[in-house]
Amino acid sequence: MDLLSKKWVINLIVCLFFIGVSSNSVEKKIYVSLNYTVPCVRLLNATHQIGCQSSLSGDVGVLHVLISEDDLDWVLSSGPNPPYMVIVEAGLFQRSVMMKLKGAPRRVAGVVVVAPSTNPAEGFSPHTTCPNENTGVYSDTYDPTMAHCNTTLWNPLGNGLSYEEYDFPIFSLKDDNDTQVIRQCYFDHNQAVNGSRPRYPLCAMQLYSHMSAVTNTATCMRRNDINFSINPEMVCDPLGDYNVWASSRPLNNSAKGHKMWESVVIAAARLDSRSFFFDVAPGAESGVSGFVTLLAAAHALRNATQEAPPNRTILYTFFQGETFDYIGSSRMVYDMDNSQFAVDLDNIHSVLEVGQVGVRPDSTLWLHSDPVSRRNDSINEEVRKLISNLQSAATDLNMSVAEPGVSQPLPPSSFQRFLRARPIPGVVIENHRFNFTNRYYESMYDNAEYLNVSYPLNLTPEEQLDFITDTAKALTAAATLVARALFTQAGGAESQLTSINADAQIVSQMLYSFLVQSNNSWFQQLVPSDLLSHLTDRPTNFYVGVHQQASEPTLLVQYLLANLTGSTVNVTQDDCQNQRQDETDKDSRHMFSYMWVQGPARPNSTGTSAGVCVRSTVRLSRALSPAFDLRDYTSSNFSTWTESRWKSIKGRIFLVASHELEMLTLGVGVGVLLTSFLLTYIISSKADILFSSGREPTSATY
Ligand SMILES: *[C@@H]1O[C@H](CO)[C@@H](O)[C@H](O)[C@H]1NC(C)=O
Ligand SMILES: *[C@@H]1O[C@H](CO)[C@@H](O)[C@H](O)[C@H]1NC(C)=O
Ligand SMILES: *[C@@H]1O[C@H](CO)[C@@H](O)[C@H](O)[C@H]1NC(C)=O
Ligand SMILES: *[C@@H]1O[C@H](CO)[C@@H](O)[C@H](O)[C@H]1NC(C)=O
Ligand SMILES: *[C@@H]1O[C@H](CO)[C@@H](O)[C@H](O)[C@H]1NC(C)=O
Ligand SMILES: *[C@@H]1O[C@H](CO)[C@@H](O)[C@H](O)[C@H]1NC(C)=O
Ligand SMILES: *[C@@H]1O[C@H](CO)[C@@H](O)[C@H](O)[C@H]1NC(C)=O
Ligand SMILES: *[C@@H]1O[C@H](CO)[C@@H](O)[C@H](O)[C@H]1NC(C)=O
Ligand SMILES: *[C@@H]1O[C@H](CO)[C@@H](O)[C@H](O)[C@H]1NC(C)=O
Ligand SMILES: *[C@@H]1O[C@H](CO)[C@@H](O)[C@H](O)[C@H]1NC(C)=O
Ligand SMILES: *[C@@H]1O[C@H](CO)[C@@H](O)[C@H](O)[C@H]1NC(C)=O
């Protein structure tokens, strides 16, 4: 070992000693990581970016708990220690407060919204007042009086917060012990007592949610392409997932395009939802109420459509990404138009869509239709037939259905994308006559509590799963109505109608599984073993996200639909996974899909099951906006939404010293460094004396 390296080793030891002393004792005490963080992320469309982000190294601010709106003054002007990290108690998560914070990015380092345990009574919707305003059918050329929600403002409570851009991170925290730690830190260190300045050290928070993409979709897709040639690091991804569909009669899915003699009635619902925050989108009324009703209707129709198949095929479709300018339905219509789907637009007889049908205040279901296409007599005739089918089914069931005024346009719905392609007769069922009755549209409060899915206190999870709530009864009645109307619409025999009844038990189980927890004994039987680990004890998140593979909600609906409309077949696991009845079978894969799922647990085994093969007509089809296939990133016809990528989402709280103290610390640090160099120099120059190793050969010890 020569003198130089020995010198460095000693130097290193001395330095490590000082670093060890300073960091070990200090860092651990002052940093507390946040355990449950839900960010707001950046999304981009053809022209704008929305959402939130932090700087690359995270944004730091002194904590301030906002208790009333008057308190804002401290944050925006009078507080002496900006920037502030503002803890917004749920009642204050309003447009007026958020806009003031947004307007002062120099004084606001970030915002943390404490999610309340009960929903705000006054309602809250961070969505726009006119959802998907520019991508539905009502453009200025279709009918200027109906464009831009001129006739009916669908979501009057919408405050548009989800579509604003913020220059700071915004996170959500559950109101629990974590949040209490934060509040305590604030009360102990930061609260101004009797108007005096709070004294250092102050409690601060750092949030990391740096977003890679900027400006708009065209910019980030271009950057993706450039990056891809150098290293495959993307900056944004198109929003998208898969649609789920099934048919009451098998359709050859390998033969795309027009099918002679085929006439289909489309029964549609949407799957996805969103909220202000990234991974909280319970969508109870906006999504779940509609698709659960349609699933139950499909189940109710299984036997009837197999025993006495009606002339027309019923095509059940569940659309993904509808929140973001109708990604799923626009893609299916595009595929039908381009002979990429099992049927084409000419095969469509009519459309029946199930929208928001939960929590009906006046217990009437409203049958919305498009006044513009109904100006054509032949279309109008078909719409009237469909409405009368629904009305007669309702009369049998003692339910009340009605049409809103003849001049009212359709509410936001997937059916609008079909109408955009061509006039097709259709009806959208909703629980509202004019604007939405949903007071929490596309917010984190559109949850089980709002849908009144609640259980007596003393029930175990398994008992809750089976408990039939009033909401389930109401949706079951709606499902029976939809099923019978569809059967008549498809040309089914009237004598069969009374045998078509939705099952309240299954509706209850679906509501529990999607709105309370998917990890339950029922879903465990319906899914294959590799999906078991994705079942959770939380409500399902219906945000569409960026999925190259189908997301959990899509898969759950797929397996559920297979169970509800398919049949179990005696096929080996091998054949099942190879999509065939047996080794000689080459053709059935075109008509059916086979899924190997867990199946009912065997009575004597310990929860493990042998597995069963379910044969059904259920398929997935890509729900990616055609704009990305066409590379038309400024499209005004198709959704252009992309989601930025990010590296880390995290937050922590700690105590900060005053600026002066920090300078002092720095000074001491520099002093320590210089001392250590000096010490090193002295030690190494006297090394021969101190270590007296020079005489022995170093290799001798080894
Ligand atoms: C993009 O989103 C912004 C914010 O919601 C909206 O104002 C704008 O119209 C959208 N652009 C297009 C082309 O849809
Ligand atoms: C929260 O704190 C309370 C009281 O300190 C304690 O009883 C409870 O178990 C804590 N909850 C969790 C989830 O840690
Ligand atoms: C996060 O969890 C850790 C370990 O459970 C705990 O020590 C810490 O206090 C938690 N963070 C907050 C902010 O409560
Ligand atoms: C604040 O002021 C009130 C009245 O002026 C006084 O009674 C109280 O002790 C003060 N509190 C503190 C912490 O100084
Ligand atoms: C389905 O379509 C494919 C492709 O056109 C064809 O090869 C196959 O024979 C068809 N199967 C049936 C059962 O019609
Ligand atoms: C929901 O439940 C609450 C309290 O249980 C009740 O007051 C309300 O009427 C219910 N709403 C509906 C639509 O059933
Ligand atoms: C009405 O619609 C039908 C079918 O789309 C079309 O054949 C017919 O020409 C239309 N009639 C009028 C008057 O536009
Ligand atoms: C689901 O619940 C079972 C108990 O029923 C439990 O063993 C399993 O770990 C849970 N799975 C997940 C992913 O939480
Ligand atoms: C659907 O699931 C239930 C409950 O596990 C099971 O009893 C039934 O056999 C399944 N049906 C089909 C067609 O898979
Ligand atoms: C399933 O098929 C196997 C072999 O063909 C046969 O031995 C078995 O009895 C069948 N099981 C049922 C339930 O039909
Ligand atoms: C389950 O019961 C059957 C017959 O009752 C028996 O043959 C089988 O071995 C049992 N399986 C287990 C895992 O105990």
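Atoms within each ligand, like the ligands themselves, are counted from 1 in listed order.
Contact annotation for Val612 and ligand 9: no heavy atom of the residue comes within less than 4.0 Å of the ligand. Only the side chain of Val614 comes within 4.0 Å of ligand 9, judged by heavy-atom distances. Looking at Thr536 against ligand 8, nothing comes within 4.0 Å, counting heavy atoms.
Using a 4.5 Å heavy-atom threshold, the side chains of Asn541 and Phe278 count as separate. Side-chain contact between Gln558 and Leu531 is absent, with no heavy atoms from C-beta onward closer than 4.5 Å. Residues Met591 and Asn252 form a side-chain contact, since some pair of their non-hydrogen atoms from C-beta on lies under 4.5 Å apart.
Around ligand 7, the residues contributing at least one heavy atom under 4.0 Å from the ligand are Asn376, Ser378.
Paired with Thr313 under the rule side-chain hydrogen bond (donor to acceptor under 3.5 Å, both in side chains), one option of Lys259, Glu262, His349 passes, and it is Glu262. For the pairing with Phe523, the ring pair (Phe, Tyr, Trp, His ring centres under 6.0 Å) check across Phe514, Tyr559, Tyr512 returns one residue only, Phe514.
No hydrogens or angles considered: nothing links the side chains of Thr469 and Thr471 as a donor-acceptor pair under 3.5 Å.
Of all non-hydrogen atoms in Glu403 and Ser369, the two that sit nearest each other are OE1-OG, 4.2 Å. Minimum interatomic distance between Asp466 and Gln505 (heavy atoms only, all atoms of both residues): O-NE2, 3.1 Å. Nearest heavy atom pair, residue Thr498 against residue Arg484, reads O-NH2, 3.7 Å.
If you number the atoms of ligand 8 from 1 as listed, the ones under 4.0 Å from a heavy atom of Leu535 come out as 12 (C), 13 (C). Under a 4.0 Å criterion applied to the non-hydrogen atoms of Gln525, ligand 9 contributes the atoms 4 (C), 5 (O). Heavy-atom contacts of Gly566 reach the following atoms of ligand 9: 13 (C) (cutoff under 4.0 Å). Residue contact check: Ser533 has heavy atoms under 4.0 Å from atoms 13 (C) of ligand 8. Contact atoms of ligand 9 toward Ser567: 13 (C) (distance under 4.0 Å to a heavy atom of the residue).
For Asp537, the heavy-atom gap to ligand 8 stays at 4.0 angstrom or more.
Using a 4.0 Å cut-off between a side-chain N of Lys or Arg and a carboxylate O of Asp or Glu, Arg331 and Asp335 qualify as a salt bridge.
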